[in-house]
Amino acid sequence: MSYAFEPIGIVHSPFREKFGIPRQPGLAPGAKARLELLAPFDRPEALDGLEGFSHIWLTFVFHQALGTRWRPRVRPPRLGGNRRVGVFASRSPFRPNPIGLSAVALEGVSGSGGKIELLLSGVDLLDGTPVLDIKPYIPYADSIPDARGGFAAGPPEACMRVRFSERAQRQLACRDDADGLGRLIVDLLAVDPRPAYADDGRPHRVYGMRLYDFDLKWRVRGDTIEVLELC
Ligand code: SAH
């Protein structure tokens, strides 16, 4: 049996590549995105009642993992990339059906210019992600405060201090919502997005990720990340 599902929307997010994206929703509250509904699903009445919910579930396609073969065991970054767990014990994008699940904050709905868009924050989604479904997050059923969290019992530790070089500070100051962007960058980098094996002890190595329309560049010295530039 196979099923063909048509995306109901597409995500426009600041994350233009996989590297550096938060590993779960909510970790970077300043990660804002728009979910544009696609025809024929762009009907305002399909969202009737949603405004009463602060959060929604999104099911989506890991579209940049399509074409990569799944394996029964994966190495979650959470375990330093060197211990394996079963794919069904993980949130890995590389699964038999590459479908993702994220609970994100719903900030509002915008209906201007003939487009219907849901305004979201705290996303862990790549720009261009196709969304299969939207459901309200129902606190009484979906939140299980005493649940056990296996090998991911707590959030990743924000173990790095993040500093901005003078150049990066100047570049940041020229941006819209410089404070919000600065906080987003700190949230993204404080958890040290490098894969565990990348800590090769080369202090001059420059890392980069594409965010919005710029390249964010940084280097690592001990427990400090220095943001070099936004260019
Ligand atoms: N909350 C989701 C995603 C967890 S995996 C779930 O549990 O199913 C999170 C990682 O997925 C991110 O770090 C990012 O690198 C990757 N990712 C996000 N959107 C993606 C996409 N459209 N295609 C492939 N990988 C994606």
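Counting convention: from 1, in listed order, for ligands and their atoms alike. Side chains are part of it too, since the values below use all heavy atoms of this structure and drop only hydrogens, waters and symmetry mates.
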Exercise. Could you walk me through whether Leu79 and Val85 pass side chain to side chain contact (heavy atoms under 4.5 Å, CB included), step by step?
Key: CA-CA 9 Å; Leu79 295 174; Val85 299; 3.7 Å; yes
Quiz prompt | For atom 15 (O) of ligand 1, the protein heavy atom that lies nearest, with its residue and separation | solution = Lys18 O, 3.3 Å
Quiz item: If every non-hydrogen atom of Val123 is compared with every non-hydrogen atom of Phe15, which pair is closest and at what distance?
Solution: O-CE1, 3.7 Å
Quiz item: Using a distance-only test with no angle check, is there a side-chain donor-acceptor pair under 3.5 angstrom linking Asp133 and Trp57?
Solution: no
Self-check item: Ile134 side chain reached by Leu35 side chain, heavy atoms, under 4.5 Å
Solution: yes
Self-check item: Any donor-acceptor N/O pair, Ser92 side chain to Phe94 backbone, under 3.5 Å
Solution: yes
Quiz item: Which ligand 1 atoms, with their elements, are less than 4.0 angstrom from a heavy-atom of Pro25?
Solution: 1 (N)
Quiz item: Nearest protein heavy-atom contact for atom 5 (S) of ligand 1: which residue, which atom, what distance?
Solution: Arg91 O, 3.5 Å
Practice problem: Quick one: do Ser121 and Glu107 satisfy side-chain hydrogen bond (donor to acceptor under 3.5 Å, both in side chains)? Show the steps, please. | Solution: CA-CA 7 Å; Ser121 67; Glu107 306 282 356; 2.4 Å; yes
Self-check item: atom 8 (O) of ligand 1: nearest protein contact (heavy atom, Å)
Solution: Leu101 N, 2.9 Å
Quiz item: Can you pull the side chain to side chain donor-acceptor pair (under 3.5 Å) pairs that have at least one residue in residues 208-218, sequence neighbours excluded?
Solution: Arg175-Asp213, Arg210-Asp215
Exercise. Kindly identify the option in Leu125, Leu126, Asp124 whose heavy atom sits closest to atom 1 (N) of ligand 1.
Key: Asp124
Quiz prompt | His63: numbered ligand 1 atoms lying under 4.0 Å from its heavy atoms | solution = 21 (C), 22 (N), 23 (N)
Quiz item: Considering only heavy atoms of Gly100, which atoms of ligand 1 have at least one such atom less than 4.0 Å away?
Solution: 8 (O)
Quiz item: At what distance is the nearest protein heavy atom to atom 9 (C) of ligand 1, and which residue and atom is it?
Solution: Arg23 O, 3.6 Å
Quiz item: Parallel under 30°, tilted from 30 to 60°, perpendicular over 60°: which one fits the rings of Phe60 and Phe62?
Solution: perpendicular
Quiz item: Against heavy atoms of Thr129, which atoms of ligand 1 measure under 4.0 Å?
Solution: 19 (N), 21 (C), 22 (N)
Quiz prompt | Audit row: Leu47, Leu37, side chain to side chain contact (heavy atoms under 4.5 Å, CB included) steps and yes/no | solution = CA-CA 10 Å; Leu47 300 175; Leu37 295 188; 4.0 Å; yes
Quiz item: How does Val61 reach ligand 1, by side chain, by backbone, by both or by neither, if only non-hydrogen atoms under 4.0 Å count?
Solution: backbone
Quiz item: Hey, is atom 12 (C) of ligand 1 under 4.0 Å from any protein heavy atom?
Solution: yes
Quiz prompt | Numbered atoms and elements of ligand 1 in range of Pro22, under 4.0 angstrom, heavy atoms | solution = 12 (C), 13 (O)
Practice problem: Please say whether more than 12 non-hydrogen atoms of neighbouring residues, nucleotides or ligands are located less than 6.0 Å from CZ in Arg84. | Solution: no
Quiz item: What residue and atom, counting heavy atoms only, is the protein's closest point to atom 26 (C) of ligand 1, and at what distance?
Solution: Phe62 CD2, 3.6 Å
Quiz item: Any heavy atom of Val11 sitting closer than 4.0 Å to ligand 1?
Solution: no
Quiz item: What residue and atom, counting heavy atoms only, is the protein's closest point to atom 23 (N) of ligand 1, and at what distance?
Solution: Gln64 N, 3.1 Å
